[in-house]
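Below, chains carry the letters A, B, ... as their sequence lines are ordered, and counting in each starts from 1. The basis for the numbers below is simple: all heavy atoms, side chains too, and nothing from hydrogens, waters or symmetry mates.
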Number of protein chains: 2
Amino acid sequence: MSTETDATPQRIIEAAGEIFAAKGFEAATVREICTRAEANIAAVNYHFGDKQRLYIEAVKRAHHGRELLFPMPEWGPEVTAETKLADFILTLLKRMTSPDSGWEGELMSREIARPTEACAELARESIRPHFAVLNEILAELIPAADQLERHLTAFSIVGQCLHYKFADPVIRQLVSAEEYAGYHVELLAQHITDFSLRSLRARADNHKPPARR
Amino acid sequence: MSTETDATPQRIIEAAGEIFAAKGFEAATVREICTRAEANIAAVNYHFGDKQRLYIEAVKRAHHGRELLFPMPEWGPEVTAETKLADFILTLLKRMTSPDSGWEGELMSREIARPTEACAELARESIRPHFAVLNEILAELIPAADQLERHLTAFSIVGQCLHYKFADPVIRQLVSAEEYAGYHVELLAQHITDFSLRSLRARADNHKPPARR
DNA sequence: CTTGATTTCAAACATCTGTTTGATACAATC
DNA sequence: GATTGTATCAAACAGATGTTTGAAATCAAG
């Protein structure tokens with residue numbers, strides 16, 4: 001066996017990812033996971049120790065898969081900050097809401113909203129660098145802003161992206177089925193980029209906060 | 001007994017709300033709820049039928065409590081659309097992230113992210129009217145936008161607000177403790193309002209999407 | 001083939017879950 | 001005071017859960 005691509009541990013992680021993503025850690029059962037993986041019930045404890053460590057492996061694999069499939073681009077010095085921001089938004093959106101093999105995004109969103117103790121470090125360490133990248137971009141776009149404003153602005157941009165993952169069930173029921181079907185990643189990324197860039201440019205042109213009209 | 005404010009069903013709902021919010025439906029146990037409520041284990045089934053109906057009652061109560069505590073203001077005809085938007089953002093933020101009696105917001109955010117079949121209708125029917133209000137405000141602010149753009153813009157605004165609830169564990173680890181301590185509702189609402197209004201004004205002044213610089 | 005380690009399997013294990021039961025205590029009504 | 005309907009309680013129930021066990025099967029080398 002050993003190097004088979006469908007070795008038992010592989011199949012179990014695959015099945016575990018899907019079921020953990022769909023039901024959460026508590027509601028998912030080892031029996032269902034092993035049934036879908038066509039493995040014996042004892043396989044989880046034999047290969048992973050216990051259910052929790054299997055969960056951790058599934059989360060790691062989910063994050064790793066997303067990172068590989070949608071890497072953050074490396075920008076040369078000639079790339080404008082506005083283009084970088086557009087790339088950042090598109091990549092983030094793809095990672096969270098890409099339809100193919102959707103369980104990875106689902107599992108990651110679960111960990112972001114309620115991080116398991118075991119996965120807290122992983123989640124933090126994988127997100128912090130992206131947050132730093134976004135802050136560097138914002139430092140270029142709104143150099144007059146202090147750190148607090150940059151952080152809040154970063155959250156405003158990330159929040160727009162993650163909303164389509166976190167609030168997806170609600171969004172489905174607020175717009176028509178036809179409109180929802182047109183919510184492709186590129187369209188959403190374009191809107192978020194436009195919406196945010198308009199705000200950032202106005203902020204860059206006029207240092208004062210806008211007075212209420 | 002009868003009209004006591006701390007009658008058994010009341011105490012059970014109270015305890016259930018806290019524990020459901022902290023652990024989710026599956027992980028919360030009837031025994032822990034009854035222990036905290038200082039009630040017998042059979043009390044849940046006697047007063048509510050089963051665990052699921054208790055959960056539904058807790059969610060209803062959570063939403064009702066938020067609606068009462070932070071009602072959406074009724075605006076007269078003289079109120080500008082920009083002020084309405086500011087009020088809307090502040091109210092939404094208060095409902096989701098108000099620190100006092102925090103379990104209600106937590107429980108609602110759980111239902112938004114993964115609505116239970118039983119609560120799907122409630123969640124939808126309670127959110128739809130607010131979505132309609134926001135769309136009316138946006139119709140005043142960016143009259144040239146079509147329905148799709150209005151919807152996406154609404155999601156951009158709501159997404160910024162809900163981010164502080166959904167991604168709260170991550171946010172805590174991205175900024176310093178001192179900065180996080182300063183994230184009061186009013187500050188966040190002010191930032192989101194400023195950020196969004198800048199974008200909306202630019203959109204209103206110039207109908208074309210911004211070219212990438 | 002023989003040996004020795006690794007992997008699979010069915011069965012059982014102990015524990016915890018939501019729920020039910022039947023007796024008991026209590027309050028109001030006649 | 002007896003009666004009736006409601007509420008509480010300890011105990012038990014049936015089922016599902018994660019995990020363990022020990023034997024059987026499979027595989028890799030000597």
Completion exercise
Out of C/dC9, D/dA7, D/dG18, minimum distance to the side chain of B/Y46 belongs to D/dA7
Problem - Nearest-nucleotide pick for A/N45, side chain only, options being D/dT20, D/dA7, C/dT19 - result: D/dT20
Practice task
Sort out for me which residue in A/R66, A/R95, A/K60 forms a salt bridge (Lys or Arg N to Asp or Glu O under 4.0 Å) with A/E104.
Solution key: A/R66
To the nearest Å, give me how far apart [atom1] ([X]) and [atom2] ([N]) are.
X     : N      : atom1 : atom2 : value
B/Q52 : C/dT17 : CD    : P     : 18 Å
B/Y55 : C/dT17 : OH    : C1'   : 18 Å
B/I12 : D/dT8  : CD1   : P     : 8 Å
A/F48 : D/dT20 : CZ    : P     : 15 Å
A/L54 : D/dT19 : CG    : C1'   : 14 Å
A/I41 : D/dT17 : CD1   : C1'   : 11 Å
A/D50 : D/dT19 : CG    : C1'   : 9 Å
B/K23 : C/dC16 : NZ    : C1'   : 13 Å

Would you say the side chains of [X] and [Y] form a donor-acceptor pair under 3.5 Å?
X     : Y     : result
A/T8  : A/H47 : no
A/T80 : A/T83 : yes
A/D50 : A/Y55 : no

Exercise for the section: Please work out which residues in residues 26-35 of chain A have a non-hydrogen atom less than 4.0 Å from an atom of DNA chain D and list them by number. Expected result: A/A28, A/T29, A/V30, A/R31
Handout entry: Salt-bridge criterion met for A/E14 and A/R61 (N-O under 4.0 Å)
Key = yes
Exercise for the section: Please lay out, stage by stage, how A/E106 and B/R114 fare under the test salt bridge (charged side-chain N to carboxylate O under 4.0 Å, His left out). Expected result: CA-CA 11 Å; A/E106 194 73 14; B/R114 331 257 170 207; 2.3 Å; yes
Practice task
Kindly determine whether B/E32 and B/K23 satisfy salt bridge (charged side-chain N to carboxylate O under 4.0 Å, His left out), including the steps that lead there.
Solution key: CA-CA 11 Å; B/E32 185 181 356; B/K23 303 190 167 184; 2.9 Å; yes
Are any of [X]'s side-chain N or O atoms less than 4.0 Å away from OP1 or OP2 of [N]?
X     : N      : result
A/N40 : C/dA10 : yes
B/T8  : D/dA7  : no
A/H47 : C/dT8  : yes

